[in-house]
Undergrad: 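Dumping the structure here so I can ask a few things about it.
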Number of protein chains: 2
Amino acid sequence: MEDSHHSGATGHAKTTARRRKEARPGELTAAALALFVERGFAATRLDDIAERAGVSKGTLYLYFDSKEALFKAVIQEGIVPAIEAGEALLNAFRDDPERLLREMLFGWWQLLSSTPLGGIPKLMIAEGGNFPEVNQFYFDEVITRAHRLFYAALELGVAKGVFRPVDIEAQIQVILAPLLMLAIWKHSFACCAGGEVAPQRYLDATLDLILNGLRQPGQKENTDE
Amino acid sequence: MEDSHHSGATGHAKTTARRRKEARPGELTAAALALFVERGFAATRLDDIAERAGVSKGTLYLYFDSKEALFKAVIQEGIVPAIEAGEALLNAFRDDPERLLREMLFGWWQLLSSTPLGGIPKLMIAEGGNFPEVNQFYFDEVITRAHRLFYAALELGVAKGVFRPVDIEAQIQVILAPLLMLAIWKHSFACCAGGEVAPQRYLDATLDLILNGLRQPGQKENTDE
DNA sequence: CATATATTACTGACCAGTCAGTCATTAATG
DNA sequence: CATTAATGACTGACTGGTCAGTAATATATG
């Protein structure tokens with residue numbers, strides 16, 4: 001198990017093989033994410049993932065015990081940072097609930113357009129049922145945390161009198177729905193859609209509806225900077 | 001090769017075998033729908049579908065050319081009537097846009113709770129990508145028609161001055177999202193969810209947000225009958 | 001040569017789709 | 001009505017291909 005008597009310290013670059021060993025898991029999960037999102041979990045072959053990562057299938061098994069373990073790693077690695085980014089936003093905009101919601105929506109869109117992470121919701125919806133353990137993990141680590149995030153945001157708005165007093169718990173899901181559908185749409189029907197609504201316009205409409213739906217009747221429009 | 005001289009017309013019931021032949025396709029698509037929704041298209045074996053319908057796999061091929069053809073039949077048969085029901089609602093409540101929206105939401109929920117049809121959106125999202133032809137069919141016959149339906153409803157409301165003048169095209173998608181997510185949720189994470197929001201409460205919240213978000217500022221609350 | 005890293009060829013389970021054949025019902029014949 | 005012929009719905013064993021996972025082998029590193 002342990003090693004450590006190298007005589008002279010060879011402290012310089014561990015050269016290729018050693019460096020590879022540290023980079024590999026990330027390269028593999030990245031390749032897997034891209035392919036899972038594109039074709040679905042079941043329809044993606046391990047050979048393809050390996051090829052995309054520039055290794056052979058056998059190598060994959062040096063880093064992950066099974067296809068399911070790889071699946072779980074993909075979710076874990078991809079989503080947790082995203083959730084943390086959201087939690088950071090909450091702290092940054094504590095004093096302006098409308099602005100906070102706006103930032104959360106656009107942050108989400110940023111993620112969607114610049115990374116393949118937006119494919120994860122679709123992936124979980126599509127294949128989660130066949131992998132209870134991964135599903136549970138996703139539920140606990142992603143869904144629940146995301147809910148807490150939005151709960152805090154809405155609660156803040158209601159407490160400050162910016163939003164009407166609503167059924168926060170239920171509204172969260174209503175507000176999250178358009179965000180999730182935006183992601184799902186992109187990975188499901190975007191291909192078929194001809195003259196469909198552009199994401200930017202869709203997001204504007206979402207914000208419009210949500211803010212008008214939540215806003216305290218007295219409150220003025222807040223035309224933003 | 002040729003037949004046709006039966007002398008007397010034997011026109012009455014052709015008993016079991018003949019009756020079966022007419023009932024079979026429906027029985028098979030029903031079985032397939034249930035299993036596809038439960039496990040996904042790829043993960044469902046034709047043997048299981050056949051067994052559930054009380055026949056053998058070979059029989060299945062007497063009625064459908066391939067697994068994909070069966071898939072398409074399931075969608076076609078299940079969804080088209082649902083869309084037509086929606087179109088009927090539109091005509092029934094032309095004069096009261098708020099009521100119309102309300103009826104459409106609750107009609108949808110009715111469908112969800114009393115039939116497995118609510119599983120179809122999830123199914124299409126999950127597996128549509130691998131079946132372009134089915135996907136296109138769904139897009140044209142379901143998504144597009146559903147959009148037209150909601151377009152008409154919103155347009156009516158705006159024309160009557162009940163709703164604010166909004167970006168109708170974009171709002172449709174925002175409004176549809178919670179409905180779709182309700183269906184998706186039921187078939188994906190309902191299992192994991194412990195103290196989650198009840199559908200009825202969720203629907204109320206949806207209506208609350210949508211109607212408040214759309215309502216013309218002047219308009220009064222309309223506390224319904 | 002000992003260890004860590006990677007590859008390649010292989011195995012076994014699984015499943016969509018096929019096909020030769022069964023069996024129950026119906027029609028034809030005397 | 002009894003016997004034979006024809007029909008067609010249905011069956012289930014089989015095949016051909018795919019793919020997750022394994023094991024034997026190779027290459028680099030210290």
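Below, read A as the first sequence line, B as the second, and so on, with proteins coming before strands; counting in each chain starts at 1.
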Undergrad: Does A:Lys67 use its side chain to pair, donor to acceptor, with the backbone of A:Leu46 at less than 3.5 Å?
TA: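 Pair absent, no side-chain N/O of A:Lys67 close to backbone of A:Leu46.
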Undergrad: Could you give the CD-to-P distance, from A:Glu27 to C:dA6, as a whole number of Å?
TA: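 Those two atoms, CD and P, are 9 Å apart.
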Undergrad: Counting only distance, no hydrogens or angles, is the base of D:dG12 paired donor-acceptor with the side chain of B:Lys57 under 3.5 Å?
TA: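 No such pair is found, so the answer is no.
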Undergrad: Which of these nucleotides, D:dA20, C:dG17, D:dT11, is closest to any side-chain atom of A:Leu46?
TA: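 Nucleotide nearest to A:Leu46's side chain: D:dA20.
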Undergrad: Measure from the side-chain N and O atoms of A:Thr144 to the backbone N and O of A:Phe139, and report whether any donor-acceptor pair falls under 3.5 Å.
TA: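 Such a contact is found between A:Thr144 side chain and A:Phe139 backbone.
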Undergrad: Does CG in A:Asn91 sit with more than 12 non-hydrogen atoms of other residues, nucleotides or ligands closer than 6.0 Å?
TA: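 Enclosed: over 12 neighbouring heavy atoms sit under 6.0 Å from CG of A:Asn91.
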Undergrad: For A:Arg45 and D:dG17, what is the distance between atoms CZ and P respectively, to the nearest whole Å?
TA: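 Rounded to whole Å, this separation is 15 Å.
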Undergrad: Where do B:Ile83 and B:Arg145 come nearest, in terms of heavy atoms and distance?
TA: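 The answer is CG2-NE, 3.5 Å.
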Undergrad: To the nearest Å, give me how far apart CZ (B:Phe64) and P (C:dA16) are.
TA: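 So the CZ-P distance, B:Phe64 to C:dA16, works out to 15 Å.
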Undergrad: Rounding to an integer number of Å, can you tell me how far B:Asp47 CG sits from C:dC14 C1'?
TA: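 Atom-to-atom, B:Asp47 to C:dC14, this comes out as 11 Å.
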Undergrad: Take atom CG of B:Asn130 and atom P of C:dA16, then tell me their distance rounded to the nearest Å.
TA: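 Taking CG of B:Asn130 and P of C:dA16, I get 15 Å after rounding.
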Undergrad: Counting the atoms with a prime plus P, OP1 and OP2 as sugar-phosphate, which does B:Leu62 contact under 4.0 Å by heavy atoms, base, sugar-phosphate, or nothing?
TA: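 B:Leu62: base contact, heavy atoms under 4.0 Å.
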Undergrad: Do any side-chain nitrogens or oxygens of B:Ser56 fall under 4.0 Å of OP1 or OP2 in D:dT11?
TA: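 True: B:Ser56 side-chain N/O within range (under 4.0 Å) of D:dT11 OP1/OP2.
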Undergrad: To the nearest Å, how far apart are A:Lys67 NZ and D:dA20 C1'?
TA: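 From A:Lys67 NZ to D:dA20 C1': 8 Å.
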Undergrad: For B:Leu70 and C:dC15, what is the distance between atoms CG and C1' respectively, to the nearest whole Å?
TA: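 Distance check: B:Leu70 CG to C:dC15 C1' gives 15 Å.
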Undergrad: Can you check the A:Leu60 CG to C:dT5 C1' distance for me, whole Å?
TA: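 My rounded result for the distance is 14 Å.
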Undergrad: Would you please confirm or rule out a distance under 4.0 Å between OP1 or OP2 of C:dA6 and any side-chain N or O of A:Tyr63?
TA: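 For C:dA6, OP1 or OP2 has a side-chain N or O of A:Tyr63 closer than 4.0 Å.
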Undergrad: Toward the 5' end of DNA chain D, which comes first, A:Ser66 or B:Val55, by nearest nucleotide?
TA: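 Checking each residue's closest nucleotide, the 5'-ward one belongs to B:Val55.
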Undergrad: Can you classify the ring geometry of A:Phe189 versus A:Trp185 as parallel (below 30°), tilted (30 to 60°) or perpendicular (above 60°)?
TA: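 Rings of A:Phe189 and A:Trp185: tilted, 30 to 60°.
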